[in-house]
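In this text the structure is predicted, and so the values were computed from the model without any measurement. Here is how names work: the chains are called A, B, and so on, in the same order as the sequence lines, proteins then strands, and each is numbered from 1.
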2 protein chains.
Amino acid sequence: MYEPLFAYLEQRFPLSDDDKAEIAAVVTHRTLKKGEFLLREGDAARVGAFVAKGFLRSYVIDNKGKEHIIQFAPENWWVSDKSGMNPDTTASFFIDAIEDSEVLLMDLTGHLTLMDKVPGYAKSFQAGIQKRATAKDTRIINSLTATAEERYDDFIKTYPSITARVPQHMLASYLGITPETLSRIRKLQSRKR
Amino acid sequence: MYEPLFAYLEQRFPLSDDDKAEIAAVVTHRTLKKGEFLLREGDAARVGAFVAKGFLRSYVIDNKGKEHIIQFAPENWWVSDKSGMNPDTTASFFIDAIEDSEVLLMDLTGHLTLMDKVPGYAKSFQAGIQKRATAKDTRIINSLTATAEERYDDFIKTYPSITARVPQHMLASYLGITPETLSRIRKLQSRKR
DNA sequence: CGCCGGCATTGATCTATATCAAGATCGAAA
DNA sequence: TTTCGATCTTGATATAGATCAATGCCGGCG
């Protein structure tokens with residue numbers, strides 16, 4: 001059950017059997033059916049969820065009632081919780097399953113335990129955060145600069161596997177364009193290429 | 001010379017005299033005149049720069065030759081280096097001074113030393129990173145969702161002090177709109193309010 | 001003091017993308 | 001297999017914001 005997570009971590013730093021036990025102890029397994037929500041349960045501040053199988057997405061709904069996908073998360077990705085998101089933002093935050101999925105939940109306590117007890121975890125976590133920050137900068141600049149078509153091209157180049165698995169209207173939502181516009185872009189490109 | 005940084009850190013966690021010595025040892029002081037660039041010198045991977053005085057900005061120039069401001073950094077802010085930025089991105093990255101400034105540079109080695117030796121530093125760094133990540137999410141959603149005017153309103157509400165200090169065309173660049181558009185927005189609002 | 005060069009303003013167009021409105025197509029459930 | 005809802009496509013129109021082009025303004029430098 002924990003194997004995918006172990007494998008993921010072992011690509012980043014060595015993991016002893018003790019470490020594995022430690023990890024298994026602080027992580028909670030959950031199964032999600034397609035369309036099901038990953039709700040915040042209890043009051044344990046959650047750090048994130050590791051997608052062991054399936055495909056999740058996180059999104060917000062803005063004050064105009066529109067959905068905006070923040071992140072897609074296929075296997076071996078982390079979806080981060082909105083931890084620290086401005087509570088006075090009216091936008092509501094959701095995570096749900098695009099396909100039947102299995103996730104491993106980590107709460108703040110668990111996270112701190114691992115930071116402390118599992119050598120390599122802290123550094124690897126650090127590196128992950130950093131990398132994600134850069135990706136976000138890129139996305140910001142992209143969304144400010146690039147045309148819809150450029151953003152689309154960029155996406156399929158960067159995440160070809162995701163492109164294939166996601167319904168078009170969700171991709172449009174991620175790119176910040178309407179489904180109609182995305183449809184037209186695809187049509188134009190299919191003619192050209 | 002290091003006082004602003006000490007003060008900044010002490011708001012986050014207690015700092016002994018030893019800690020201060022440790023910090024002073026790993027940090028480099030630099031003075032920048034208005035318009036001057038903060039270049040990467042030598043090959044030491046830099047983590048970031050703390051603005052002790054003045055005002056910096058970081059920006060990229062995209063392949064169409066356009067400037068896009070990523071971040072403004074007044075006193076007591078960190079400008080992060082592009083550490084980890086995708087090297088194969090053609091976009092070039094710059095940091096320069098909008099006003100005469102003084103900065104304290106921290107390289108990777110120093111950062112790791114502090115992580116290790118100064119209690120509280122690691123956790124506080126962590127928290128900072130997290131907070132910034134959230135801010136970036138917000139900016140992404142904003143840039144995808146909101147109109148130019150909404151983004152402007154948002155900015156002046158969130159960073160009133162920055163608004164006053166920055167030339168309009170730079171603010172426009174940050175918001176991802178043309179100076180002309182920003183000028184028109186301001187005109188409309190001044191009439192209304 | 002006066003001049004010049006960047007900055008802001010204003011106006012006239014142009015264009016990418018949204019919005020509105022039907023169809024067409026696909027897929028899962030009965 | 002049929003059907004219904006969701007998704008995708010296509011077309012017509014509207015609009016926010018870009019672009020192009022002057023003009024005005026102000027502050028620093030000679």
Check your understanding: In residues 163-173 of chain B, what residues come within less than 4.0 Å of DNA chain C, judged by heavy atoms?
Key -> B/Pro167, B/Gln168, B/His169

Check your understanding: Do A/Asp116 and A/Thr113 meet the criterion of a side-chain donor-acceptor pair at a distance under 3.5 Å?
Key -> no

Check your understanding: Which heavy atom of A/Pro74 sits nearest a heavy atom of A/Val51, and at what distance?
Key -> O-CB, 3.5 Å

Anything under 3.5 Å between a protein N or O and an N or O of nucleotides 22-30 of chain D, put it in a table, one pair a line.
none

Practice item. Could you check whether the rings of B/Phe72 and B/Phe155 sit parallel, tilted or perpendicular, using 30° and 60° as the cut-offs? Key: perpendicular

Practice item. To the nearest Å, give me how far apart CD (A/Glu180) and P (D/dT7) are. Key: 13 Å

Review point. Between A/Tyr8 and A/Arg12, is there a cation-pi geometry (under 6.0 Å to ring centre, at most 45° from the normal)?
Key: yes

Review point. Under 4.0 angstrom, heavy atoms only, what part of the nucleic acid is A/Lys34 near: base, sugar-phosphate, or nothing?
Key: nothing

Exercise for review: Of all the heavy-atom pairs spanning B/Ser58 and B/Phe93, show the shortest one and how long it is.
Suggested key: CB-CZ, 4.0 Å

Check your understanding: Is it true that A/Lys34 and A/Glu99 have a side-chain N and a carboxylate O under 4.0 angstrom from each other?
Key -> no

Practice item. Have a look at the helix from C/dC1-D/dG30 to C/dA30-D/dT1 and give the angle its two end axes make, five pairs each, rounded to 10 degrees. Key: 40°

Exercise for review: Kindly indicate whether the side chain of B/Val103, heavy atoms from C-beta on, has any atom under 4.5 Å from the side chain of B/Phe50.
Suggested key: no

Review point. Among side-chain atoms of A/Ser16 and A/Asp19, is any donor-acceptor pair under 3.5 angstrom?
Key: yes

Check your understanding: How about B/Ile70 and A/Asp137: do any of their side-chain heavy atoms sit closer than 4.5 Å?
Key -> yes

Check your understanding: Taking CG from B/Leu182 and P from D/dT19, how many angstroms apart are they, rounded to a whole number?
Key -> 15 Å

Point to revise | Polar contact flag, side-chain donor to acceptor under 3.5 angstrom, A/Asp153-A/Gln189 | key: yes

Practice item. Identify, with sequence neighbours excluded, every residue that meets salt bridge (charged side-chain N to carboxylate O under 4.0 Å, His left out) alongside B/Glu75. Key: B/Arg165

What's touching nucleotides 15-17 of chain D from the protein side, N or O pairs under 3.5 Å?
residue, atom, partner, partner atom, Å
D/dG17, OP1, B/Ala148, N, 2.7

Review point. Would B/Arg132 and B/Ser80 count as having a side-chain donor-acceptor pair, cut-off 3.5 Å?
Key: yes

Check your understanding: Hey, what's the ring geometry for B/Tyr121 with B/Phe125, parallel, tilted or perpendicular (30° and 60° as the breaks)?
Key -> parallel

**Study point:** Covered region of DNA chain C, 5' end to 3' end, by chain B [heavy atoms, under 4.0 Å]
**Key:** C/dC7 to C/dA12

Review point. Got a salt bridge between A/Glu149 and A/Arg186, using NZ or NE/NH1/NH2 to carboxylate O under 4.0 Å?
Key: no

Practice item. Kindly state whether the ring of B/His68 and the ring of B/Tyr174 have centres lying under 6.0 angstrom apart. Key: no

